[in-house]
Colleague: 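One structure follows; several queries about it will come next.
Numbers restart at 1 for each chain; the letters A, B, ... are given by sequence-line order, proteins then strands.
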Amino acid sequence: MKQQTTEATNYSSRIKKRNLHYILFSIAWATSLIFIELAASQGHSTTALPLLLILLNMGIGVGMILAYIRVLKVMDELEQKIQLNALALSVGFGCVGSMTYSLLAKAGFAPQAGASEIVTFIVLVYIASIFIGQIRYR
Amino acid sequence: MKNRLKILRAERNWTQADLAAALDVSRQTINALEKEKYDPSLPLAFKAARLFELPIEEIFQDGVEI
C-alpha cells in the first residue's frame, strides 16, 4: 500500500491546486472592488478610470467563477454534493430572503438594503450550508 | 445502505487515507461511507468492487428483499 500512500496526495494535491487558483482569483476580485471604491471616493467618477476598473473587476469575477467550476469538477462525489446543496440553499434563501426584505423595506418595516448586503447574506448562507454539510457527513 | 468497507479495509491493513487514494476520493468520503452516512454512486461502487476483487453485492447491501 506504500505506492497508494504516495499517490494519496494526488487527489488532495489536485484539490489544493485548484483551490489555490480559486482563492487567488477571489482575492484579486475583492482587491479590485476595493480599488473601485477608493477611486470613487477620491472623485474619479468623471474619468474613465472607474469604468476600466469595473470592467477589470468583472473580468476577474468571471475568472473567479470559472476557477470555482474547475474546483467543483475535481471534487469527489460527496464534496460535490455538499457544494451543490450549499449553492442551492444560498440561491434559494438569497432569492426569497432578498425579495422578502425588499417588500419589508417598501412597506417601511426595514431600511433599504443595497446589492452588497444581499450578496453578504447569500455568502453567509453558503458558508453555513457548507459547514452544516461537512458536519452531517463527518 | 450497509457496507463492509471498514472490514475489508481492516483485513488489508489499510488506513482510510490509503483506501481514499486507491478509490481517488477524499478521506472524508471514505469515512462517510464506512459510517453509512453516504451511499456511493454506481461508478464508485464498481471501483470499490474492482479494488477488492469482489462482487458489488458482497461489499454493499441495501437490505431490500424482493
Colleague: For A:Y126, is the OH atom crowded, meaning more than 12 foreign heavy atoms sit under 6.0 Å from it?
Modeller: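 Atom OH in A:Y126 is crowded, with more than 12 foreign heavy atoms closer than 6.0 Å.
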Colleague: Counting only heavy atoms not in B:E36, do more than 12 fall under 6.0 Å of its CD?
Modeller: yes
Colleague: Check whether A:F25 and A:I69 end up in the same hydrophobic cluster, where Ile, Leu, Val, Met, Phe, Trp and Tyr are linked by side-chain heavy atoms less than 4.5 Å apart.
Modeller: no
Colleague: Given that the side chain runs from C-beta out, which part of B:P40 has a heavy atom under 4.5 Å from chain A: side chain, backbone, both or neither?
Modeller: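 Backbone plus side chain of B:P40, per the 4.5 Å heavy-atom cut-off to chain A.
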Colleague: Quick one: pull up OG1 in B:T29 and CD in A:E79 and give me the separation to the nearest 0.5 Å.
Modeller: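 With rounding to 0.5 Å, OG1 (B:T29) is 5.5 Å from CD (A:E79).
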Colleague: Verify the neighbour count for atom NZ of B:K47: are there more than 12 heavy atoms of other residues, nucleotides or ligands below 6.0 Å?
Modeller: yes
Colleague: Quick check on the hydrophobic clustering: are B:F52 and B:L42 connected, directly or via other members, by side-chain heavy-atom contacts under 4.5 Å?
Modeller: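 In one cluster: yes.
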Colleague: What is the distance from atom CD of A:E77 to atom OG of B:S26, rounded to the nearest 0.5 Å?
Modeller: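 One finds 9.5 Å between CD of A:E77 and OG of B:S26.
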Colleague: How long is the span from the CD atom in A:Q134 to the CD atom in B:Q28, to the nearest 0.5 Å?
Modeller: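 Rounded to the nearest 0.5 Å, the CD-CD separation comes to 4.5 Å.
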Colleague: CG/A:L78 to NZ/B:K37 distance, rounded to the nearest 0.5 angstrom?
Modeller: 11.0 Å
Colleague: Nearest 0.5 angstrom please: A:D76 CG to B:D24 CG, how far?
Modeller: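 Rounded to the nearest 0.5 Å, the CG-CG separation comes out at 8.5 Å.
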